[in-house]
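Worksheet for the structure shown next.
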Amino acid sequence: MPTMAQAEATLKTVYGYDEFREGQRESVGALVRGKDVLAIMPTGAGKSLCYQIPAIISSGITLVISPLISLMKDQVSALHQLDVKAAYINSTLTNKQQLMALENAKKGMYKIIYIAPERLNSEGFMDFAVHAKISHVIVDEAHCVSQWGQDFRPAYLNIAPFIASLKKRPVVGAFTATATLAVQKDIIRLLELHEPKKILTGFDRPNLFFEVMRPSDRDAALLNYVIKHAGQSGIVYCVTRRAVEEISEMLKANGIECVRYHAGLSDDERTQAQEDFINDRIPVIVATNAFGMGIDKSNVSFVVHYQMPKDLESYYQEAGRAGRDGEPADCCLLYMAQDIPLANYLIEHSLDSSALDIETARNVRAQAEERLRQMVYYCTGRGCLRNRILSYFGEATTETYCGNCSACLAAKGEQDVTREAGQIVSLVMALNGRYGRTMVASILSGKQNERIISAGLNEHSAFGALAAMGEGNIYAIIDELIASDVLAQTSGEYPCLIAGHYAKDVLSGDWPVRIPIDRGGQEVPIPKHKEEESEALFRILSKLRLAIAREQRVPPFVIFSNATLKDMARRKPRNRSEMLRVNGVGENKMRRYGDTFLTTISFYLMKTENGA
Ligand code: ADP
Ligand code: ZN
C-alpha cells in the first residue's frame, strides 16, 4: 500500500508544491488507505490533486468520471506535462480513437483515464473495465447525481451499477464544489459510498465582495459599474441569449470593449470570444451561463449578473469565477422584479421531464421553485449576503457581519471610497514625500491657504478634487490608507506622506477602500484618557491585522473591520467569551483569529498594568 510519505514526495517532485492545501491531505490520505471519500471543496481549491496523487502512487488504474468534456483534454495534457500517463474517452473522439484508447488502456498504458458518464455503459468500455485492475473510481461534479441539485444528470445514476459490476470494488471518491446537505446525502446514497470520509473545506471566498443592486435603469447601472471597473477583466452574465446580444451592443455603443458568448453562436465565434477574453485581449465578456464551464482564468476582477439566475447554486458558481487568484474582486447582481417570471419560465422549459416519471418530475419542479425562492430572498432580503449564501449551503455561521458585502456596508454605514483613495494616492506620489497629511487633505479639499498658494499647489489638478466629500472624510480615507500600508509616513517630527506597500493596488482600483459614512457618529463616547489608551492598542491590533492580511494576501478589512478593531481595543477582552462580545467577532473569526488577538491584548495589558 502506498504511504503518505510517497504522497508528500509526489506533491513536491511531480507537482512542485511545498504543502498540501486545506482538505488535500485528508482526501489523499483516505483514498490511499482505501477509504471512500466525499469531498466538498470550492472551485479552485485544488480537487484534481486530491485524486491524482493517489492515482499516481497506487498500482491500479484510476477512472475519473466527469461531465466536463471540454475540461478533460486540458486535464490530460496537464498530466502529460507531468509525465503521468493519462487518456480521456468521450464523444469528442472518433470511434476509432476511442477503440485505440481502450486498446492502450487494456495494455495498461494509462494510470488515469477520464471518461464521460454516458460512455460507461458502452460495450467496448465494459469489456475493458471488467478485466482491468481499477483501484479508484473518482466521480467529479458528484452533485450531478442528485435531483436536488441544479445539474441533475441521469447518466450519473449508472455509476453505482457500473461500480457494482466490477470484479473487485474500487475505492470511490466523490468530489464537488457545491452540495447542500440534501445533495450530500443523495451523493452518498446514489453512488453507494461506503462510510466515506467527509471532507468539507469552507465555501467562503473572503476576497469576494458581494453586492445586490436594485436599479430602476439596469442598463445605466451596468454601464456605470463597468466604467468604474475600467481596465479590469470582468464577466457580465445574462440569462437569455437576447439579453447578451442587446447588452453587448449597448456596451459597445458606449465605448466598452467586449465580446459576446452564448450557445446560439457558431463554434468559431465562441472559441474566438473565449480566447480573446482569457488572453486579456478583450477585458469584458457578455455571456449566458454557457460560458465558464471549465474556464480557468484567475484574474477576473468582477462578475456582474445583469439578471437574476435561477438559483444560488448557479449564482455562486458563476460569481465564484471572480478572484480565483485571491485578489479582491467584486460580484454584483442587478435585480429587478421582472426576473422572477423569466426564471419561472426558464425552469419550466429547461426541465427535460421526458426521461422522468410524473412523480419525479413534479418533485424536481418543486425543488427548482424552492431554489428560486431562496434566490429571490437573497436579492430582496436584508442582512449579510455572504451569510445568506453560506447558510444556504449548510455552512453554519454565527456571524451576522462579514464586513465585505453591500448589505453589511449599508448596515454599518460604510461607504466605498476606492476611487477617491486612488486620487489621494496619486497625489501623494506626485508630491514625492514633501508634505504631510494635513497638506494633502488641504489640497484635495481645495483650501486656499498661504502655503498652498506659495507652492503653486492651487494649480495642481488634484486641487479641490475631493471638496465635495468634506475634509473629515478625506482624513478618514488617509488614515485608513496608512493603517493598511497603502500610504506610509516618514519618521521625524513632521512626518510626510509617501507611497506604502499597497499603493499600486489602490491606483489600479484592485484594492477596495471603505470608510464609515459618518466617522465616529455611532461610537459610544468614552473618557479621554481611556480613549488614548485604546488608540494605542488599536494601533497594535492594526499591525497584527496587517501581518495576517499580508500572509493571506487579502485586504486587512477582510480579517476585521476598523470598527471591530476599535471595539476590541475599547473592550480589551481577556478570554474567548469576552472576545465574542466584540462587535464583528463571530465564531468563525473567533476560531481563526481569536487566540492570536487575545494573546496580543494580554501582552499589552500586562505591560500597561505593570507600568501603571
Ligand atoms: P479545482 O478542481 O478544485 O477547481 P484545481 O484542481 O484545478 O481546482 O486546482 C486549482 C489550482 O490550484 C491549480 O492551478 C493547481 O495546480 C493549484 N494547486 C492545487 N493544489 C495546490 C497546492 N497544494 N499548492 C499550490 N497550488 C496548488
Ligand atoms: Zn456581509
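Because only heavy atoms are used, hydrogens play no part in the values below, and waters and symmetry mates are left out as well, while side chains stay in. All ligand and atom numbering here is 1-based and tracks the order in the structure.
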(Q) For the metal site, I want the angle between atom SG of Cys405 and atom SG of Cys384 with the Zn ion (ligand 2) at the apex, to 10°. (A) 120°

Q. Between Tyr315 and His305, is the ring centre distance below 6.0 Å?
A. yes

Q) For residues Lys47 and Gln24, is any side-chain donor paired with an opposing acceptor at under 3.5 Å? A) no

Q: If you have a sec, read the angle at the Zn ion (ligand 2) from Cys402 atom SG over to Cys408 atom SG, to 10 degrees.
A: 120°

Q. Quick one: do the Ser314 and Asp311 side chains pair a donor with an acceptor below 3.5 Å?
A. yes

Q.
Regarding Asp280 and Asn299, do their side chains bring together a donor and an acceptor under 3.5 Å, going by distance alone?
A. yes

Q: State whether a side-chain donor-acceptor pair under 3.5 Å links Tyr392 with Glu313.
A: yes

Q) Under the side-chain contact (heavy atoms from CB on, under 4.5 Å) test, which residues partner Ala87, sequence neighbours left out? A) Tyr110

(Q) Regarding Glu141 and Arg153, does a basic nitrogen lie under 4.0 Å from an acidic carboxylate oxygen? (A) no

Q: Report all protein residues having a heavy-atom distance below 4.0 Å to some atom of ligand 1; order the list by chain, then number.
A: Tyr17, Glu19, Phe20, Arg21, Gln24, Pro42, Thr43, Gly44, Ala45, Gly46, Lys47, Ser48, Leu49

